[in-house]
Amino acid sequence: MSHRVTKTDAEWRAELDPQQYAVLREAATERAWTGELLDEHRAGLYTCGACGSELFRSGTKFDSGCGWPSFYESVRPEAVELIEDTSLGMTRTEVRCANCGSHLGHVFPDGFGTPTGDRYCMNSIALSFQPDESATEA
């Protein structure tokens, strides 16, 4: 897939801290229960930590109990890119930012009780959060 935001490896390394770079550009995973956005409950918008593209709305976030922020759908289907991931001896669906190709996490069909049945399991460090200042806390 061709991305609108393209940068060299050196440019990404200069813009991202080492942990962000490892997750966003090398598909690493942050440890469960450590991400600062896991317990974020305010209304707002979650964006790509690398390019700022809109990815998820707070109204689609739910507590899946998995240790990472979980959402049942993206802001638009074309906001994310879904790629088959056969690493670690299993088949999963990797989620990347469609705007810059950065790794965000994986999506699983086990979002039981959600409108879509999906669980977008995202790395906190791969996301930024912009609170909706006009809304009250959820």
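The basis for the numbers below is simple: all heavy atoms, side chains too, and nothing from hydrogens, waters or symmetry mates.
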Counting only heavy atoms not in [X] (residues, nucleotides, ligands), do more than 12 fall under 6.0 Å from its [atom1]?
| X | atom1 | value |
| --- | --- | --- |
| Q130 | CD | yes |
| R92 | CZ | yes |
| R31 | CZ | no |
| D63 | CG | no |

Would you compute the distance between atom [atom1] of [X] and atom [atom2] of [Y] and round it to the nearest 0.5 angstrom?
| X | Y | atom1 | atom2 | answer |
| --- | --- | --- | --- | --- |
| L104 | F71 | CG | CZ | 10.0 Å |
| F108 | S70 | CZ | OG | 9.5 Å |
| F112 | F62 | CZ | CZ | 10.0 Å |
| S74 | L82 | OG | CG | 7.5 Å |
| N99 | E78 | CG | CD | 11.5 Å |
| E73 | L55 | CD | CG | 13.0 Å |

Step-by-step ring-ring contact (aromatic ring centres under 6.0 Å, His included) determination, Y72 to Y120: CA-CA 6 Å; Y72 60 79; Y120 284 81; 9.2 Å; no

Take L16 and L24 through the side-chain contact (heavy atoms from CB on, under 4.5 Å) test and state the conclusion after the steps. CA-CA 9 Å; L16 303 170; L24 289 159; 4.0 Å; yes

Short N-O contact, E15 and K7, less than 4.0 angstrom: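 Yes.
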
Ionic contact status for E11 with R13, cut-off 4.0 Å: no

Is there side-chain contact between [X] and [Y], with heavy atoms separated by less than 4.5 Å?
| X | Y | result |
| --- | --- | --- |
| S53 | C100 | no |
| C97 | C51 | yes |
| M122 | V95 | yes |

Treating [X] as the side-chain partner and [Y] as the backbone partner, does any N or O pair qualify as donor plus acceptor under 3.5 Å?
| X | Y | value |
| --- | --- | --- |
| T47 | L45 | no |
| K61 | L38 | yes |
| Q20 | D17 | yes |
| N123 | I125 | no |
| W68 | E30 | yes |

Give me the atom names and distance for the closest heavy-atom approach of [X] to [Y].
| X | Y | result |
| --- | --- | --- |
| A79 | V75 | CB-CG2, 3.8 Å |
| E40 | Y46 | CG-OH, 3.4 Å |
| G49 | S128 | CA-OG, 3.8 Å |

Could you give me the CA-CA distance, side-chain angles and deciding distance for V80 and R96, then say whether side-chain contact (heavy atoms from CB on, under 4.5 Å) is met? CA-CA 6 Å; V80 295; R96 292 188 189 174; over 6 Å; no

Side-chain H-bond candidate by donor/acceptor type, [X] with [Y], under 3.5 Å:
| X | Y | result |
| --- | --- | --- |
| T93 | E84 | no |
| E94 | H103 | yes |
| S102 | R25 | yes |
| D85 | H106 | yes |

